[in-house]
Amino acid sequence: MRIPIKSVTPETGHAEICGFVHEVRDLGGLAFFLIRDRTGILQVTIPKKKVSEAVLAAAKAVSRESVVRISGPVKAVEKAPGGRELVPETFEIISLAETPLPLDVSEKVSVELDTRLDGRFLDVRRPRVAAVFAIRSAAMHAINDYFHKEGFISITTPKIVAAATEGGTELFPIAYFDKEAYLNQSPQLFKQMMMAAGCEKVYEIGPIFRAEEHNTTKHLNEATSIDIEVSYADHIEVMRILEDVIVKTYEYVDKTCSDHLANMEITDFAVPKGPFPRLPYSEAIEIAKKKIEDPIKYGDDIGSAAERAIGAEMGGHYFVVDWPTEIRPYYAMPYENDPTICKAFDLMHPRMELSSGAQRVHNHDQLVQQIAKKGLNPESFDFYLKPFRYGMPPHAGWGLGADRLIMTMLGLSNVREAVLFPRDMHRLVP
Ligand code: AMO
């Protein structure tokens, strides 16, 4: 029976392995094959005079990245990867790989990101790349686990919707029978409606669609968002939850992913420490004013250059709080004592924004007013507004970009590296 390569030791005696042919070296009388599965790499040594004709024939016919099944005795060999080698008694080619390969799988050659994404199935065979997705999986596990332990209900909301969430722009229209429909930008309206449904604490991890014509290293047209909504909580409470999620996720990766981090040559993985500083928006603007060339003033959005300048000053994760009401969505709750600022926040990594959130307006009439003030038509929000008329608990929540979380956690230079099959302005296949 097949055993994972990581578990093959001289003590195993005899082993059967399956995997890809990682490397072939033929030294005349002796041939070396490196065989790779998800767990590691094993050296298979073929002393040509000592193995069967069938083994020799297969070894001769096989190409790099073919899928093979090999069995034989395992010996301790100091120079081989993992200190052991296998001398095959059987060598079966399960699936022969064509040559040349569209992408070099060995780590020796550096390949353009576009070529890597075109041949993603081969790219992910590389241990360094496979590690990104194993770590992403561990991080998502930690996040699901956190919410489960904290009593959140996992929800799934529609991605085909009739109206915008975040304001009229940046929507992908789709053909939906005889109606106009869109791909949803955010589960915002649905997660808020679940507060009216009495669920108190909900979360959703799912796709969000943004028709932004951004061609940057941090924007995708389809991203994964981790969203929460909590009843009877204010912005302060959900910021604490967000901080906790970030710290616990890093801790879990640190504790369980040492092999994957080593495959990525990450030796200085640092778990951020909470509480993260709370920087008022007005102070963030002052920092940016001093540090960037483009003019920036109170009331402006914080663009990428400002984000980086403020991030360099802050040095770690931090929140930007107390935003001008005017530049936040209609659902953000203004402060009672100064309605020009609101209970919205962004969680920042020194490189970029990771999350936005707020305490929400839960009063129906105030919400209608705020929607109208933003130049939107409250009538098209009817389905969303209705729950606010029949008992709506006060509530707060946030959305955290999963792709950016992984990108910043692993120091990746492009968000596309954290996504298996990214969707951007130029990429629809594979
Ligand atoms: P926002 O629009 O700020 O907030 O999105 C939340 C987080 O999602 C990620 N994100 C993206 N990541 C990659 N590419 C994109 N185009 C992209 N757009 C967003 C970011 C961002 O911080 N409804 C609110 C959340 C809330 O208030 O609960 C919302 O969607 O990391």
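One-based numbering, in listed order, for ligands and for the atoms of each. All residue numbers refer to positions in the sequence shown, counting from 1. Being a predicted model, the structure only gives us computed values, none of them experimental.
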Polar contact flag for L220 and ligand 1 (N/O pairs, less than 3.5 Å) | yes
Taking only non-hydrogen atoms of A223 and a 4.0 Å limit, the atoms of ligand 1 in range are 12 (N), 13 (C)
How are the rings of H349 and H317 set relative to one another: parallel (under 30°), tilted (30 to 60°) or perpendicular (over 60°)?
-> perpendicular
Is the backbone of C199 close enough, under 3.5 Å, to the side chain of K201 for a donor and an acceptor to pair up by distance?
-> no
Does a salt bridge link E65 with R36, judged by any charged N lying under 4.0 Å from a carboxylate O?
-> yes
Run the ring-centre check on Y203 versus F147 and record whether the distance is less than 6.0 Å.
-> yes
Considering only heavy atoms, which of G357, S356, A402, G397 lies nearest to atom 25 (C) of ligand 1?
-> S356
Which atoms of ligand 1 are found less than 4.0 Å from any heavy atom of E212?
-> 16 (N)
Polar contact flag for G399 and ligand 1 (N/O pairs, less than 3.5 Å) | yes
Using distance alone, determine whether L354 and ligand 1 share an N or O pair under 3.5 Å.
-> yes
Which atoms of ligand 1 are found less than 4.0 Å from any heavy atom of W398?
-> 26 (C), 28 (O)
Should the pair F388 and H395 be assigned to parallel (<30°), tilted (30 to 60°) or perpendicular (>60°) ring geometry?
-> tilted
Would you call the rings of Y384 and Y330 parallel, tilted or perpendicular if under 30° counts as parallel and over 60° as perpendicular?
-> perpendicular
Looking at ligand 1, does any of its N/O atoms fall within less than 3.5 Å of an N/O of R360?
-> yes
Mind checking whether Y298 and Y281 have ring centres under 6.0 Å apart?
-> yes
For the residue pair H141 and Y252, categorise the inter-ring angle as parallel (less than 30°), tilted (30 to 60°) or perpendicular (more than 60°).
-> tilted
Please determine if D403 has a nitrogen or oxygen closer than 3.5 Å to a nitrogen or oxygen of ligand 1.
-> no
Pick, from Q185, R210, K191, Q188, the option with the minimum heavy-atom distance to atom 2 (O) of ligand 1.
-> R210
Should you measure from each heavy atom of Y331, which atoms of ligand 1 turn up under 4.0 Å away?
-> 23 (N), 24 (C), 27 (O)
Report the part of K218 (side chain from C-beta onward, or backbone N, CA, C, O) that has a heavy atom under 4.0 Å from ligand 1; answer both or neither where that applies.
-> backbone
With heavy atoms of H219 as the reference, note each atom of ligand 1 found under 4.0 Å away.
-> 14 (N), 16 (N)
Geometric class of the Y250/F269 ring pair [parallel <30°, tilted 30-60°, perpendicular >60°] = parallel
Using a strict cut-off of 4.0 Å, indicate which atoms of ligand 1 neighbour a heavy atom of S355.
-> 22 (O)
Of the side chain and backbone of E222, name the one, both, or neither that has a heavy atom under 4.0 Å from an atom of ligand 1.
-> neither
Is the cationic atom of R25 (NZ for Lys, CZ for Arg) positioned less than 6.0 Å from the six-membered ring centroid of F33 and within 45 degrees of its normal?
-> no
N/O of S225 under 3.5 Å from N/O of ligand 1, yes or no?
-> no
Numbered atoms of ligand 1 (with element) below 4.0 Å of E353, judged on heavy atoms = 3 (O), 21 (C), 22 (O), 31 (O)
With ring centroids as reference points, do H235 and F345 lie under 6.0 angstrom apart?
-> no
